[in-house]
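Written below as structure tokens is the structure these notes are about.
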Amino acid sequence: MTGPLCDLLPAGAEPGNPASLADQPAGEALRWIPVLTTFEAAVRATGLAEELTREVTILAPTDDAFAGKFSRTNLDELLLRDTDELRGLLRDHLVAGALPVAGLVAAGTVTTVAGTRLTVTGVGPGARLGDQAETVCADYRAGAARIHVINEVLGDLPTTAGQDDDGHPAH
């Protein structure tokens, strides 16, 4: 486990500590990582938990990353009504094969399940994904998957954070 956020997450004998998640399916393990509640809710809303039982690398944005990308109204719409669009967004956060962060960096580029190519470069013990995101706590093991917590939402959905409910800039 490497990254600046790791120290703030469950450790030792606390529920959700990395060792306790290793044998759980990734969809279940996501519930125990407290900074991933939005990502975990999105996985449930889109029915993607089954896809996470395979060998897959999960690039999971933090709750703060979602809040920085989407307005509350926009996020609610995605979770409740636009689940196909949300499923596409989540697939931009999945890479076939359970790669540790060092494996991502060694590959240099990866292609997401959605077909997006990401350049991966090393940043300290972590990785930078394209010009968008960095790992903030990498290398959770969960079932056949690897979970890397990242600080930005990937994909090409428009940023709506800072807009009020009618889609106009908040005052």
Side-chain angles (χ1 to χ4, degrees), residues 1-11 16-19 21-22 24-43 46 48-70 75 78 85-161:
M1 305 287 301
T2 60
L5 190 63
C6 294
D7 289 345
L8 303 176
L9 299 177
N17 74 74
L21 302 181
Q24 294 187 28
E28 187 64 31
L30 289 170
R31 293 175 177 224
W32 290 97
I33 304 173
V35 296
L36 299 181
T37 60
T38 305
F39 186 80
E40 190 271 330
V43 166
T46 59
L48 271 182
E50 183 63 32
E51 286 188 38
L52 304 184
T53 61
R54 303 185 193 101
E55 284 197 11
V56 65
T57 301
I58 303 166
L59 306 169
T62 63
D63 295 339
D64 287 346
F66 275 99
K69 176 75 174 171
F70 300 110
L75 189 56
L78 288 167
E85 192 172 19
L86 182 58
R87 188 176 298 109
L89 176 73
L90 293 183
R91 286 187 170 137
D92 257 331
H93 293 84
L94 305 177
V95 176
L99 298 171
V101 74
L104 291 171
V105 172
T109 60
V110 294
T111 302
T112 68
V113 172
T116 303
R117 288 180 55 83
L118 292 173
T119 301
V120 183
T121 54
V123 177
R128 182 155 184 78
L129 307 158
D131 58 358
Q132 287 183 276
E134 290 184 10
T135 59
V136 290
C137 190
D139 284 327
Y140 272 94
R141 288 189 181 105
R146 284 285 182 133
I147 302 170
H148 305 299
V149 180
I150 62 174
N151 64 353
E152 296 290 335
V153 175
L154 303 172
D156 59 6
L157 289 183
T159 297
T160 58

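Quick caveat, the model's predicted, so the values are computed rather than measured. Here, residue 1 is the first one in the sequence, and each next residue gets the next number.
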**OP:** State, to 0.1 Å, how close Q132 and V153 come at their nearest heavy-atom pair, and which atoms those are.
**Re:** NE2-O, 3.6 Å
Subject >> Qualifying disulfide bond (SG atoms under 2.5 Å apart) pairs, either residue in residues 121-151, two or more places apart >> reply: C6-C137
**OP:** Can you tell me which residue pairs pass the disulfide bond (SG atoms under 2.5 Å apart) test with a partner in residues 96-126, sequence neighbours excluded?
**Re:** none
Original post:
Backbone N or O of D64 within a donor-acceptor pair of the K69 side chain at under 3.5 Å?
Top reply: no
Subject >> Partner residues of T119 under the side chain to side chain donor-acceptor pair (under 3.5 Å) criterion, sequence neighbours left out >> reply: none
**OP:** Apply side chain to side chain contact (heavy atoms under 4.5 Å, CB included) to F70 and T159, showing your working.
**Re:** CA-CA 6 Å; F70 300 110; T159 297; over 6 Å; no
**OP:** Determine yes or no for a side-chain-to-main-chain donor-acceptor pair under 3.5 angstrom, with T62 supplying the side chain and A65 the backbone.
**Re:** yes
Subject >> Qualifying residues under side-chain contact (heavy atoms from CB on, under 4.5 Å), relative to A114, sequence neighbours excluded >> reply: R91, D92, T112
**OP:** Report the residues that fulfil side chain to side chain donor-acceptor pair (under 3.5 Å) with T109, sequence neighbours left out, ordered by chain and then residue number.
**Re:** R117
Donor-acceptor pairs under 3.5 angstrom involving side-chain atoms of residues 33-43: please list them, not counting sequence neighbours.
unit_1: T37; atom_1: OG1; unit_2: D63; atom_2: OD1; d: 3.1
unit_1: T37; atom_1: OG1; unit_2: D63; atom_2: OD2; d: 2.7
unit_1: T38; atom_1: OG1; unit_2: D63; atom_2: OD1; d: 3.2
unit_1: E40; atom_1: OE1; unit_2: R44; atom_2: NE; d: 3.3
unit_1: E40; atom_1: OE1; unit_2: R44; atom_2: NH2; d: 3.1
unit_1: E40; atom_1: OE2; unit_2: R31; atom_2: NE; d: 3.4
unit_1: E40; atom_1: OE2; unit_2: R44; atom_2: NE; d: 2.7

Subject >> Non-neighbouring partners of A29 that pass side-chain contact (heavy atoms from CB on, under 4.5 Å), sequence neighbours left out >> reply: L21, Q24, A142, I147
Original post:
Please, which pairs that meet salt bridge (charged side-chain N to carboxylate O under 4.0 Å, His left out) have at least one residue in residues 93-108, sequence neighbours excluded?
Top reply: none
**OP:** Please identify each residue that fulfils salt bridge (charged side-chain N to carboxylate O under 4.0 Å, His left out) with R141, with sequence neighbours left out.
**Re:** none
**OP:** Search all heavy atoms of Y140 against all heavy atoms of G16 and return the closest pair with its distance.
**Re:** CE2-O, 4.5 Å
Subject >> Pairwise side-chain contact, L129 with I150, heavy-atom cut-off 4.5 Å (strictly under) >> reply: yes
Subject >> 4.5 Å side-chain heavy-atom contact, I58 and L52 >> reply: yes
Original post:
How close do V113 and E51 get, heavy atom to heavy atom, and via which atoms?
Top reply: CG1-OE1, 4.5 Å
Original post:
Is it true that a side-chain atom of R128 and a backbone atom of D131 form a donor plus acceptor pair closer than 3.5 Å?
Top reply: yes
I'd like a table of donor-acceptor pairs (distance under 3.5 Å, sequence neighbours excluded) in which one partner is a side-chain atom from residues 93-101, with atom names and distances.
unit_1: H93; atom_1: ND1; unit_2: L89; atom_2: O; d: 2.8
unit_1: H93; atom_1: NE2; unit_2: L154; atom_2: N; d: 2.9

**OP:** Report the distance from atom OG1 of T2 to atom NE2 of H148, rounding to the nearest 0.5 Å.
**Re:** 8.5 Å
Original post:
Would you say the side chain of L118 lies within less than 4.5 Å of the side chain of L59, judging by non-hydrogen atoms?
Top reply: yes
Original post:
Which heavy atom of N17 sits nearest a heavy atom of A19, and at what distance?
Top reply: OD1-N, 3.0 Å
**OP:** Determine which pairs satisfy salt bridge (charged side-chain N to carboxylate O under 4.0 Å, His left out) with at least one residue from residues 143-159, sequence neighbours left out, and list them in order.
**Re:** D139-R146
